[in-house]
Protein chains: 2
Amino acid sequence: MEAETKPERTRLSAEDWELGALELIAESGIGALAVEALARRLGVTKGSFYWHFRTREALLLSALERWERYEERDVLAQIETIAEPHQRLRELFHRVARENMHARIYAALLKALDQPVVVPLMARVSGQRMAFLTRAYREAGLAEADALNRARLTYAAYVGFLQLNLTLGLPKLGHEAFDEYVEHMIRTLVPE
Amino acid sequence: MEAETKPERTRLSAEDWELGALELIAESGIGALAVEALARRLGVTKGSFYWHFRTREALLLSALERWERYEERDVLAQIETIAEPHQRLRELFHRVARENMHARIYAALLKALDQPVVVPLMARVSGQRMAFLTRAYREAGLAEADALNRARLTYAAYVGFLQLNLTLGLPKLGHEAFDEYVEHMIRTLVPE
DNA sequence: GGGCAACCATACGCTGGAGTATGTAAGTGT
DNA sequence: ACACTTACATACTCCAGCGTATGGTTGCCC
């Protein structure tokens, strides 16, 4: 029954700052990642921050690298175990764009591609996902050139979907409307 | 042989500032639209700016409204005259995403959907384009629900393509590779 | 050819957010 | 119980960028 009520007043580590940064990015984008704002959020002042990180950029970089490691390990690795390519792509579509924090961060990064820090990271992640998609389409029976273009199309559709839904509220699909959209997407993009 | 060399030293109008703003947005995004920077670009100081506009936001709004008017009149209106739906969609795909200033501005706006000024504008433009696509797919023979989902898919692919190419240099397609991609897209998305 | 209005320059104030300097409290080993 | 490291607070400086105040210049019109 100690003073552990709301602000959870323990000391912070660099990891706490990185996770807090990722939450902030997911909610309000990279532009909202300000030192003092995040400090308030964590219940401290920026005096603390500059003990853990040399600069704001340093925090951003560390946080994004952490995100990338999680991304690599968690998302694609699980789906990659599915042997049947149709089912694998279907699972990918469903897993993705479920309004989780991961997709929100990805969308936030897409909107920050002018800042030099995010470009190489997004290049790596995008390249990886493109490779994943291309291989899946090859295994689903498409020729090399078609598989590559289909992967481009799919990946662009994914990116655009995130932009239009997470930031603009364009279609604002309901639960079942979303499922129907995904099914339509699969019928259209995945060869028989 | 007067001093009309490079900075074209005539007096400026509000329209000049709006056009300059759009150029700046197309090049470096909305975040780069700063009063003093734009003033330097136009060869004057901000003392001029605040004669024409009350605030920075006012300029942004005026510039975007101008862009929207142009957008409406120029792009869709011409394509709408094409009767044959396959050809109409093909022309749309080709016209679009050719690295012109218009698409660059559109991409810049997509990345600025957190700012309240751009949201209603993008909602109007996106709704209009979605309606255009949905109608085209209906006329191409799809049922209502399928036409809507196909339009969503197409529009998302368009948006994603812009993001990935104009900001990230991901595929960095060459001239003929781009054409092949468009053809693949048409084969995949447009019903026979 | 004088006057008014449009256009622009210069110089300032103000704010938000990054980064620094320095002191202090809480742990932790010994 | 003392030194030493970790974690944080407070109080600054510095800079970019918006907006304001005020006065000067150019063009037009009569």
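Chain A is the first sequence line, chain B the second, and so forth, proteins listed ahead of strands; every chain is numbered from 1. Excluded from the calculations below are hydrogen atoms, water molecules and symmetry mates; all remaining heavy atoms, backbone and side chain alike, are included.
Distances were taken from every side-chain heavy atom of A/Ala34 (C-beta onward) to each of D/dC18, C/dA9, C/dG17; the shortest belongs to C/dG17. Comparing C/dA26, D/dT20, D/dA11 against the side chain of B/Lys46 picks out D/dT20 as the nearest. Side-chain proximity of A/Arg11 to the nucleotides C/dG27, D/dC18, D/dG27 is greatest for C/dG27. Listed nucleotides: C/dC7, C/dG17, D/dC18. Nearest to the side chain of B/Glu36: D/dC18.
Comparing A/Val35 and A/Gly47 along DNA chain C, the residue whose closest nucleotide (by nearest heavy atom) sits nearer the 5' end is A/Val35.
At the phosphate of D/dT6, neither OP1 nor OP2 sits under 4.0 Å from any side-chain N or O atom of A/His52. For C/dG19, one of the phosphate oxygens OP1 or OP2 lies less than 4.0 angstrom from a side-chain nitrogen or oxygen of A/Thr55.
Ring geometry, B/Tyr181 versus B/Phe161: the interplanar angle falls under 30°, so the pair is classed parallel (tilted spans 30 to 60°).
Between the CG atom of A/Leu12 and the C1' atom of D/dA7 there is a distance of 8 Å, rounded to whole Å. The CZ atom of B/Arg40 sits 11 Å away from the C1' atom of D/dA16 (whole-angstrom rounding). Between the CH2 atom of A/Trp51 and the C1' atom of C/dA21 there is a distance of 17 Å, given to the nearest Å. Taking atom CH2 on B/Trp17 and atom P on D/dC18, their separation rounds to 11 Å, with Å as the unit. Remark: P of C/dT20 and CZ of A/Arg56 are 15 Å apart, rounded to the nearest angstrom. Taking atom CZ of A/Phe49 as the reference point, atom P of D/dT6 lies 18 Å away to the nearest angstrom. The CD-P distance, from B/Glu15 to C/dA6, rounds to 18 Å in whole Å. Following rounding to the nearest Å, A/Tyr50 (OH) and D/dT13 (P) show an atom-to-atom distance of 17 Å.
The strand DNA chain C forms stems, runs of 3 or more Watson-Crick or G-U wobble pairs with distances below 3.5 Å, at C:1-30 with D:1-30.
Cation-pi check for A/Arg129 over A/Tyr106 is met; the charged atom lies under 6.0 angstrom from the ring centroid and within 45 degrees of its normal.
Of the possible donor and acceptor atoms, none in the side chain of B/Arg88 sits under 3.5 Å from a partner among the backbone N and O of B/Glu80.
Closest approach of B/Lys46 and B/Ala39 over heavy atoms only: N-CB, 3.9 Å. Taking both residues in full, the closest heavy atoms of A/Arg138 and A/Ala147 are given as CG-CB, 3.6 Å, listed atom of the first, atom of the second, then distance.
A salt bridge is defined here as a Lys NZ or Arg NE, NH1 or NH2 lying under 4.0 Å from an Asp or Glu carboxylate O, and A/Arg104 with A/Glu23 fails to meet this definition.
Side-chain polar atoms of A/Tyr50 and A/Thr55 form no donor-acceptor pair below 3.5 angstrom.
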